[in-house]
Amino acid sequence: MKHLTKIISVATLSVAAATGAVQAEYPEKPVEFVVPWPPGDLEDVLTRMIAEDFQDTYGVAAAVVNRPGGGGGPFPGAVSVANAPADGYTVGSFIVAIPVVGPQIGIPDLNPSPFEPLGNFLTYPFVIAANGSAPYDDMQGLADYAKENDVVLGHFGAPLVPTRVTMALAKQMDFAYAADAPFDALDCNTLASGDVDVINTTLQLILPCLDKVKVLASIGGERIPLIPETPTVAEIAPDLSLSLWNGLFVHKDTPADVREKIIAVAEKAMASERAQKLAADTGALVYWQDATDAAAQIETDTEAFDRVGEMLNQ
């Protein structure tokens, strides 16, 4: 009988292994954190911290993979995550637009959204800025100037939240940009080159030339500590109060135990001294918002984004 039991046990294990029921504990191979933007901005820097800590914690390679969209925003990078296996080896580091805008713009792989949040970790210090030589110093000055002169806007993509907020603000202030264009990066060189007159970008990208630009407004609920005299868009137009955050996302079919391991590392990384120093140096908010609250934030921001669409009659 013991011999028969042993045979049955071995046979059962063999069948289980053949069908994939016996699996190695996660993680057992390299993990990719996909950032759908070029290197250098806040989401990239913070996601690299998470990847480094993940590698140190679990002893497997982990790295950030930058997949910018060539002026098309972050959506090609998001599609690459959507089409990857739901096993936790491909993690998206996404801005608010992926779950809020992605399902609305006709990309089949993103509608309905295939993702669920692990948590949010960054609120951007997003700004509207002009070259220091611009003949206006604030949004009202820009509005007055644009009524008589052509002003070109640079942005990260027409469907994205900051761009839509910027356009809606112009409409509320009774002016329009003569033209606009998407860029993968919007920094000091973009303004210095004269390619555009105004950009909406993160403060991080123009910190090196902050003394040579004019920050006209910030996009978010609170003023940025590094530029306390600059009003928020919400102060100018209260209906345009939206948060611009970044979070970690996985495919909705990713197992719970896998999610928990990624979350444990990310939460600890965001509380670290180096992450909080980055926050202090850049004016960003760095924290960990859990999956439940992140999902609620997405619902709130989707409703706010719909209101912006109504303002733009689109």
Look at the side chain of Arg223 and the backbone N and O of Ser218, then say whether any donor-acceptor pair between them is shorter than 3.5 Å.
-> no

Pair Val34, Ser80 - check side-chain contact (heavy atoms from CB on, under 4.5 Å), show working. CA-CA 9 Å; Val34 175; Ser80 74; 4.1 Å; yes

Query raised in the report: Looking only at side chains, do Asp87 and Thr254 share a donor and an acceptor under 3.5 Å apart?
Result: no

Exercise. Got a donor-acceptor contact below 3.5 angstrom from the Lys214 side chain to the Ala134 backbone?
Worked result: yes

Could you check if a side-chain atom of Phe115 sits within less than 4.5 angstrom of a side-chain atom of Val81, using non-hydrogen atoms only?
-> yes

Q.
Working note: Ile224 + Thr230, criterion side-chain contact (heavy atoms from CB on, under 4.5 Å); need CA distance, chi angles, decisive distance, verdict.
A. CA-CA 8 Å; Ile224 300 171; Thr230 301; over 6 Å; no

Would you kindly confirm whether Leu42 and Val65 end up in one hydrophobic cluster when ILVMFWY residues are joined by side chain heavy atoms under 4.5 Å apart? no

In terms of heavy-atom contacts, Pro103 and Asn111 come closest through O-CG, 3.2 Å

For Gln276, does the CD atom sit with more than 12 other heavy atoms under 6.0 Å from it, leaving out its own atoms? yes

Exactly one of Ile263, Val91, Val265 clears side chain to side chain contact (heavy atoms under 4.5 Å, CB included) with Leu248, and that residue is Val91

Between Ala130 and Tyr136 the two heavy atoms that sit nearest each other are CB-CE1, 3.8 Å

query: Do Asp293 and Gln297 have side-chain N/O donor and acceptor atoms under 3.5 Å apart?
result: no

Check your understanding: Can any side-chain N or O of Asn200 pair as donor or acceptor with the backbone N or O of Ile128 at less than 3.5 Å?
Key -> no

Only one of Trp245, Trp37, Phe249 passes ring pair (Phe, Tyr, Trp, His ring centres under 6.0 Å) with Phe94, and that residue is Phe249

CE of Met270 to CG of Leu46, rounded to nearest 0.5 Å, is 4.5 Å

- Query: Do we see a donor-acceptor contact under 3.5 Å between the side chains of Asp195 and Thr190?
  - Reply: no

- prompt: Taking the side chain from Tyr26 and the backbone from Gly88, do they hold a donor-acceptor pair closer than 3.5 Å?
  reply: yes

**Q.** Verdict with supporting geometry, Phe156 and Thr201, side-chain contact (heavy atoms from CB on, under 4.5 Å)
**A.** CA-CA 8 Å; Phe156 286 119; Thr201 188; 3.7 Å; yes

Between Pro125 and Gly283, the two heavy atoms sitting closest are CB-O, 3.8 Å

**Prompt:** Centroid-to-centroid, Tyr145 to Phe175, below 6.0 Å?
**Reply:** no

Give a yes-or-no answer on whether the side chains of Tyr124 and Gln204 include a donor-acceptor pair shorter than 3.5 Å.
no

Looking at Asp53 and Arg48, is there a salt bridge between them, counting it only when a charged N and a carboxylate O are closer than 4.0 Å?
no

| With distance as the sole criterion, is a donor-acceptor pair present between the side chains of Asn66 and Asp44 under 3.5 Å? | yes

Quick note, salt bridge (Lys or Arg N to Asp or Glu O under 4.0 Å) partners involving residues 255-269, not counting sequence neighbours, are Glu25-Lys261, Glu116-Arg259

Donor-acceptor pair between Gln289 and Asn120 side chains, under 3.5 angstrom: yes

Residues, nucleotides or ligands: over 12 heavy atoms within 6.0 Å of Asp150 CG: no

Side chains of Val60 and Lys29 in contact at under 4.5 Å (non-hydrogen atoms): no

- Worked verdict on Glu32 versus Val64 for side-chain contact (heavy atoms from CB on, under 4.5 Å): CA-CA 6 Å; Glu32 291 185 351; Val64 166; over 6 Å; no

Point to revise | Asn246 side-chain N/O to Ile95 backbone N/O, donor-acceptor pair under 3.5 Å | key: yes

Between Ala269 and Ala275 the two heavy atoms that sit nearest each other are O-CB, 3.4 Å

- Donor-acceptor contact present, side-chain Asp41 to main-chain Glu43, <3.5 Å: no

How about Thr123 and Tyr287: does a side-chain donor come under 3.5 Å of a side-chain acceptor?
yes

Is it the case that the side chain of Glu299 and the backbone of Ala295 share a donor-acceptor pair, with hydrogens and angles ignored and the cut-off at 3.5 Å?
no

Scanning both residues in full, the closest heavy-atom pair of Pro162 with Ile219 reads O-CD1, 3.9 Å

Here the pair of heavy atoms bringing Ala129 nearest to Leu191 is O-CD2, 4.3 Å

